[in-house]
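Inspection log for the structure reproduced underneath, given as structure tokens.
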Protein chains: 2
Amino acid sequence: MAVTQEDVARRAGVARKTVSNVISDYPHVSDRIRKKVLAAIEELGYQPNRAAQNLRSGRSGMIGLAVPELDVSYFAELTRLVVQATERRGLTVLIIQTFGDLTREHASLNGFGHQRLIDGLICSPIASSGEDILNRGGGFPVVLLGEQVSVAPDHAGIDHVGIDNVAAARTATEHLLSLPRKRVAFVGASRSTDSHMADLRLAGYRQALAAAGVPLRPELVFSVNGYHRRDGAEAGRRILALPPEERPDGVFCANDLLAQGLMRALHDTGYRIPHDVAVVGFDDIDEATYSIPSLTSVSPDKAQIAETAVALLLDRVNGSDEADHDTVTDFSLVVRESTAGPRR
Amino acid sequence: MAVTQEDVARRAGVARKTVSNVISDYPHVSDRIRKKVLAAIEELGYQPNRAAQNLRSGRSGMIGLAVPELDVSYFAELTRLVVQATERRGLTVLIIQTFGDLTREHASLNGFGHQRLIDGLICSPIASSGEDILNRGGGFPVVLLGEQVSVAPDHAGIDHVGIDNVAAARTATEHLLSLPRKRVAFVGASRSTDSHMADLRLAGYRQALAAAGVPLRPELVFSVNGYHRRDGAEAGRRILALPPEERPDGVFCANDLLAQGLMRALHDTGYRIPHDVAVVGFDDIDEATYSIPSLTSVSPDKAQIAETAVALLLDRVNGSDEADHDTVTDFSLVVRESTAGPRR
DNA sequence: GCCGGTGTTTACCACGTGGCAGAGAAAGTT
DNA sequence: AACTTTCTCTGCCACGTGGTAAACACCGGC
């Protein structure tokens, strides 16, 4: 069934190893032999056995990409970019969804209980702590995406790529305050698992309030169970349960999906956006451009994140760079309809 | 560095093969030895080498899932379900994005130029023809998702899972006609690549018109370059370029993203949905529930599709089922705001 | 005490490939 | 002409595992 180098060698009338040499572009092979071997490969339709290559070489040619969920558009968009950056370098990406589950994150950090499945991992951690990541057992390099996880001072061989979440959240909140809006809420504090991402964005929100001399009102910080549209809608309903005079006139959401769900819930009760409530999201997913109203959002440079992460990881995989990198990527605030103009 | 069965065996004072037996739950192993071996595994942190297992067993434990693009929400949602269904059976999914590119689809059908990378493939083809799929060289079973690709009569060892696209499109169009709407357009005919999916949905649209005795107006069939929001928005602008009396009062879009882009473009010019134009989408992605207005959509039973596809594929991988299956899964029409009520 | 049976452990081999170094031939040097 | 160097090609080995079957130990029965 399967054609091996042995079969090709027989067909071409050479040694099996010569076939291997042709394939791996070993320089000292005569043109005559090379042609014969290539012809035999063509005729027989030989394809290398990845498992054997992998076993022999110790490389799988795959890197892992662990993201929480692909149906969170931000990660889908980022995944696409990471895959493209990796393929450009001739490798394959094994995409793993962790669903924010600690067990699954550990599994990915430990190589899924298998050696040599992946040569390296790009991981966007949710539940894992710094220690979890340091204690990884996979034996392969790791690049962390997104929020900076506090690991040991020397990072211990782990790279990081992501934007400055605190600064970005501060920028978003300052934008709401400048419209001006008086009662600016934060939606997306973490309720169940402790999400470092949420902590950082909440910190930026607080910094902006403090800088503007606005007292933090705990009743305007809304926790969520997750970061999907339904969780945003649920937060919206909690906002509407407040007495009218206590409701916010501006909301900064920890991600765009929350914002979309929130806008939908507010819309159901006749609230106008941005007229009654201005909304800012985070991630700048494609939907933010096209939703009604379109959504003002913090836009991380996803292409830069993907490209940097892949480059750093492969440098480590190839052993060409041992230093620890902590790359801070760019972001911008894209202003759209959801924050256009002052209140009333 | 890497701990092998050999190391475990030395530690436990047994033969290497005994370690292998313990791991593969060979029944005739004494408790005393089993405990010793398991203890040694624990102490040394042994992890099986996947490449070696793969090489020896001829199984990779991975199946491929080839979808056009993960940032098309329908595929992201479907991917999640396929991954969950596969993991429940103890296997891993290698997710591949083909971007509707023929070369990439061929690569996936042929196992990416490598043997034994995947044990089977679930493929959602866009560009591939029936022959392309029949001439696959991967040597592993394939399950096709989505539109029925016309392959040879006996299917030649290929399963298919998907809804009846024609019937679903007819249902959607009939819904628009029943509101009633007089000028019902179709958005999503394929412009560049020939998309079988688009052909089928267009066919359903035509059937519904014919059944209602409504003549097909070619100027109400809009082609697109792709199936993203931007393509829907572009179609919307072409609709707005028509003289007002020629514009449709109902639009059936080939997928939800087109519908979202279309609604956005119409909204920009002050069109009210469903007041002026009723819109129906296809896929029932999460966004359809939360958008403003929420979107009436054909809802394929994605969980059923994923579950069936994985079950069929693994039956073939395990050799337990050789018959060709063509499973037609359920769909429903979920009516929401975008088609609520008659015109004007 | 020998024997078949059952339970437990082990030795050997093969999966397909790449690294290494050696064999043989051709070319260049003294 | 003999010797070195360079170029081609080849054979051997190991990667870590699971399948097959042989070896060994123990047990009960005649």
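Since the structure is predicted, the reported quantities are computational estimates derived from the model, not experimental observations. Per chain, numbering begins at 1; letters A, B, ... match sequence-line order.
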Hey, mind stepping through B:Asp159 and B:Thr327 against side-chain contact (heavy atoms from CB on, under 4.5 Å) and telling me if it holds?
CA-CA 8 Å; B:Asp159 294 328; B:Thr327 307; over 6 Å; no

side-chain contact (heavy atoms from CB on, under 4.5 Å), that's the test. Do B:Val310 and B:Arg88 meet it? Break it down for me.
CA-CA 10 Å; B:Val310 172; B:Arg88 215 177 301 131; over 6 Å; no

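Within 4.0 Å (heavy atoms only), A:Asn54 reaches no atom of the nucleic acid at all. Within the 4.0 angstrom heavy-atom criterion, only backbone atoms of the sugar-phosphate kind lie near A:Ala15; the bases stay farther away. Contact annotation for B:Thr4: backbone-only contact, meaning every heavy-atom pair under 4.0 Å involves sugar-phosphate atoms and none involves a base. Among the atoms of the strands shown, none is found under 4.0 Å from any heavy atom of B:Pro27. Here A:Ser30 lies in heavy-atom contact (under 4.0 Å) with sugar-phosphate atoms only. Across all strands, B:Tyr46 comes closer than 4.0 Å only to sugar-phosphate atoms, never to a base (heavy-atom distances).
Atom P of nucleotide D:dT10 and atom CZ of A:Arg10 are separated by 14 Å, given to the nearest angstrom. A:Glu6 has its CD atom 12 Å from the P atom of D:dC12, to the nearest Å. In this structure, the CZ atom of A:Arg34 is 9 Å from the P atom of D:dC9, given to the nearest Å. Rounded to whole Å, the distance from CG on B:Asn21 to C1' on D:dA21 is 12 Å. Put simply, CZ on A:Arg59 is 11 Å from P on C:dG19, counting in whole angstrom units. Distance A:Leu44 CG to C:dG16 C1': 16 Å, rounded to the nearest Å. The NZ-C1' distance, from A:Lys35 to D:dT8, rounds to 17 Å in whole Å. Per the geometry, CD belonging to B:Gln47 stands 19 Å off P belonging to D:dC15, to the nearest Å.
Closest-nucleotide positions on DNA chain C for A:Leu55 and B:Thr18 were compared, and the one nearer the 5' end corresponds to B:Thr18. Both A:Ile23 and B:Lys17 lie near DNA chain C, and the one whose nearest nucleotide falls closer to the 5' end is B:Lys17.
Defined by atom type and a distance below 3.5 Å, a donor-acceptor pair is present between the side-chain atoms of B:Asp326 and B:His160.
For A:His28, the listed nucleotide lying nearest its side chain is D:dC7; candidates were D:dC7, D:dC15, C:dT9. Side-chain proximity of A:Arg16 to D:dC13, C:dC13, C:dT8: nearest is D:dC13. When distances run from any side-chain atom of B:Val29 to the nucleotides C:dT9, C:dG18, C:dC13, the shortest one goes to C:dT9. Comparing C:dT17, C:dT9, C:dT10 against the side chain of B:Ile33 picks out C:dT9 as the nearest.
Classification of A:Arg316 and A:Asp119 as a salt-bridged pair fails, no side-chain N sitting under 4.0 Å from a carboxylate O. B:Glu307 and B:Arg89 are joined by a salt bridge, as a carboxylate oxygen and a charged side-chain nitrogen come within less than 4.0 angstrom of each other.
The shortest distance between the side-chain N/O atoms of B:Gln53 and the OP1/OP2 oxygens of D:dG16 is not below 4.0 Å. The side chain of B:Ser24 places no N or O atom within less than 4.0 Å of a non-bridging phosphate oxygen (OP1 or OP2) of D:dG18.
Put simply, the residue from B:Leu314, B:Leu121, B:Thr92, B:Val143 that forms a side-chain contact (heavy atoms from CB on, under 4.5 Å) with B:Ile63 is B:Leu314.
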